[in-house]
Number of protein chains: 2
Amino acid sequence: MTMSHTGGRRRPPTIHDVAREAGVSRGTVSRVLNGGHYVSPAAQEAVNAAIRKTGYVVNRHARSLITGRSDSVGFLLTEPQERFFEDPNFNVLLRGCTQALAAHDIPLLLMLAGTEDERRRITRYITAGHVDGVLLVSSHSGDPVAQELREAGVPLVACGKPIGLGSKVSYVAADDRDGARDMVRHLLSLGRRRIGVVTGPLDTPGGVERLAGYKEVLAEEGLPIDDDLVVSGDYSRASGEAGAERLLTQAPDIDAVFVASDLMAQGVLATLQRAGRRVPQDVAVGGFDDSPAAVAASPELTTIRQPWDRISAEMVRVLLAQIGGEDPAAVILPTELVKREST
Amino acid sequence: MTMSHTGGRRRPPTIHDVAREAGVSRGTVSRVLNGGHYVSPAAQEAVNAAIRKTGYVVNRHARSLITGRSDSVGFLLTEPQERFFEDPNFNVLLRGCTQALAAHDIPLLLMLAGTEDERRRITRYITAGHVDGVLLVSSHSGDPVAQELREAGVPLVACGKPIGLGSKVSYVAADDRDGARDMVRHLLSLGRRRIGVVTGPLDTPGGVERLAGYKEVLAEEGLPIDDDLVVSGDYSRASGEAGAERLLTQAPDIDAVFVASDLMAQGVLATLQRAGRRVPQDVAVGGFDDSPAAVAASPELTTIRQPWDRISAEMVRVLLAQIGGEDPAAVILPTELVKREST
DNA sequence: TTCTCTACTGTGAACGCTCACAGAAGCATG
DNA sequence: CATGCTTCTGTGAGCGTTCACAGTAGAGAA
């Protein structure tokens, strides 16, 4: 392994150097670099050898300049970041996307658009073509950035179904409703009949769908849907605590709670324990997400696993397809019940 | 606000378009773009107006091609990612760096080098000049990537003092030793005398320094340093549980534990509670990091705050300085004791 | 033979920018 | 009037790549 550029920063080899070394022209080297069609086996081999010998790496700037592509994608957060960064799911998603993209040799640019100023700057950056597409993580409706990007024709894939955008935007989401149904059925199967629910924010599809699943199952079982059993939260731990308190006063006889996120469920557990209710003996608690928070809780949470690894993989797949010219697509992935100590 | 490129994807305006619109030459526009030296006020104004009117955004690829800079930096994780992604500190650091860079209009590329393969690919990518510098997050010693990057002359700033690399590499770190000293002194001030410690991994500077602080204070107070009081962990929650179990068998009379990370402290709390010890009445527990895990724990953790916002800001500052040609530098930032329920 | 088709190769001409340089204009100095 | 200096401006070249096009050579068909 002889490296020609030992120490210091030498001018890196260009496609010319490779061509000279291999005894072919730039064109041929370029063809090898881009799939190797219309290249003779001999030339192919010579070029590859020359690349190894010179330590050549393509200059992406030069390539991007002429192709118009940037061969990079943005990972865009348009909300106050605390929300996401304290959410363990977010981590998993970010990692999954980075890895899925790495497999295609595409770097991920992390973009935070918390303030109005940042939003403007980033919108400019993106619409200027500095990324080929955007993975959008934003749950709330009426996101102006998403709207603008869509109108500018930037390939876009959202995580979770975006509300308020036309149907022409791709998204990948877990089957929230079905997951909620599984959890509520699970609680029923344990003999629980007074099942409270702490919903997510109801201006997000996840919040709405999980509540809908809860109501559906109760209705199917012929159980009444008591308004006192329904309180809403915002996915944060604090709102879980507050929600549980409201539940305990409105419906002190509850024997189970379905909580629309693990983080909120942590809060629910804390409140229940403070109130002297044992989990799961007195009150069973079911979470949602199967985030690291689920095993960090005590007792460990029974929860609904969102297939984050598949979600990120699909987001990348759909985005790349769209960059490649395909039409937008929606992908819904199944969830899974994970039983632990809290039920 | 009239946008010339409404809908669809039109060819974006170039520096030529701006020059024509402003009635000047490319050179003048370029000068305005790069600080505006040697440009008359009249030309300055005309160019700015033309930029606004055309909606011009500089093509970074073209610029990078000639300048050799990429105007982007990498955020590199060289360890098995689970470790970091489950660590709430990591989030804060990543966000801080992204924002600090955004202020300079520099995008952050997230790079995960978990496997050997990825390591190779990413090293190539970086040494090919696709980023101007690297923010390195890797605690363990003997990291081959860091070594290679250093040798290739890539500007580099580590988070936490890297072991094993020459002293010529920049880093930014919290004052681990001093933080540990604060915590142990705090526990002593509460009247505790049998203070156990769960250390971090001892091949990391943080692990070593925090233990050193613990020992120093005990020595200063004339207290014996009992080997039974010292167990080591790896910063994970599970290792906190295991560590607490060992402590309870080796030294059942402990009345306090200093735990080198909040995540481990969560595990310690769980084990103590299972063993019937009340926190803080029977055993006081002090964590380290002041991560979100600290308030997620019950009781909420007394801990040592690492100034992550300042750490990220300093990392970016030092990296940019180094990219600008300055010499490497080390920055140590003070920590702060945060009192909560567990002591 | 001659023509066509396929597989392969080399060569300018971009892509949009910055940089070095040349030059102009204004003003003071010799 | 020449000379120098400073401030400002325009121009050509070139960064490293891909793309379109023009070839070449060999095989098969007419």
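Just so you know, these numbers come straight off a predicted model, no measurement behind them. These numbers come from the heavy atoms of this one structure, side chains and all, not from hydrogens, waters or symmetry mates. Throughout, protein chains are lettered first and strands after them, A, B, ... in sequence-line order, and every chain is numbered starting at 1.
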Interatomic distance where CG belongs to B:Asn34 and C1' belongs to C:dG16 [whole Å]: 13 Å

Whole angstrom value for the distance that separates P of C:dA13 from CG of A:Leu65: 18 Å

Residue pairs, two or more places apart or on separate chains, that pass side chain to side chain donor-acceptor pair (under 3.5 Å) and touch residues 102-113 of chain B: A:Arg121-B:Asp105

Nearest-angstrom distance from the residue atom CZ of B:Arg63 to P of C:dG16: 15 Å

Taking only nitrogen or oxygen atoms into account, show me every contact under 3.5 Å that the protein makes with nucleotides 4-9 of chain D, one pair per line with its distance.
unit_1 : atom_1 : unit_2  : atom_2 : d
D:dT9  : OP1    : B:Ser40 : OG     : 2.6
D:dT9  : OP2    : B:Ser40 : N      : 3.0

Check: C:dG16 base within 3.5 Å donor-acceptor of B:Arg11 side chain: no

Whole angstrom value for the distance that separates P of C:dC15 from CG of A:Asp71: 19 Å

Side chains of B:Ile106 and B:Asp132 in contact at under 4.5 Å (non-hydrogen atoms): no

Rounded distance (Å) that lies between atom P of D:dG16 and atom NE2 of B:His61: 17 Å

Rounded interatomic separation in angstrom, taking CZ from A:Arg26 and C1' from C:dT9: 12 Å

B:Arg52 and B:Glu45 ion-paired at < 4.0 Å: yes

Under 3.5 Å side-chain donor-acceptor pair for B:Glu148 and B:Thr127: no

Sole residue of A:Val157, A:Val331, A:Ile332 in side chain to side chain contact (heavy atoms under 4.5 Å, CB included) with A:Glu314: A:Val331

Integer-rounded Å distance: C:dC19 C1' and B:Ile15 CD1: 12 Å

Working for side-chain contact (heavy atoms from CB on, under 4.5 Å), residues A:Leu109 and A:His130: CA-CA 10 Å; A:Leu109 274 63; A:His130 293 318; 6.0 Å; no

Whole-Å distance separating the NE2 atom of B:His16 from the P atom of D:dG12: 11 Å

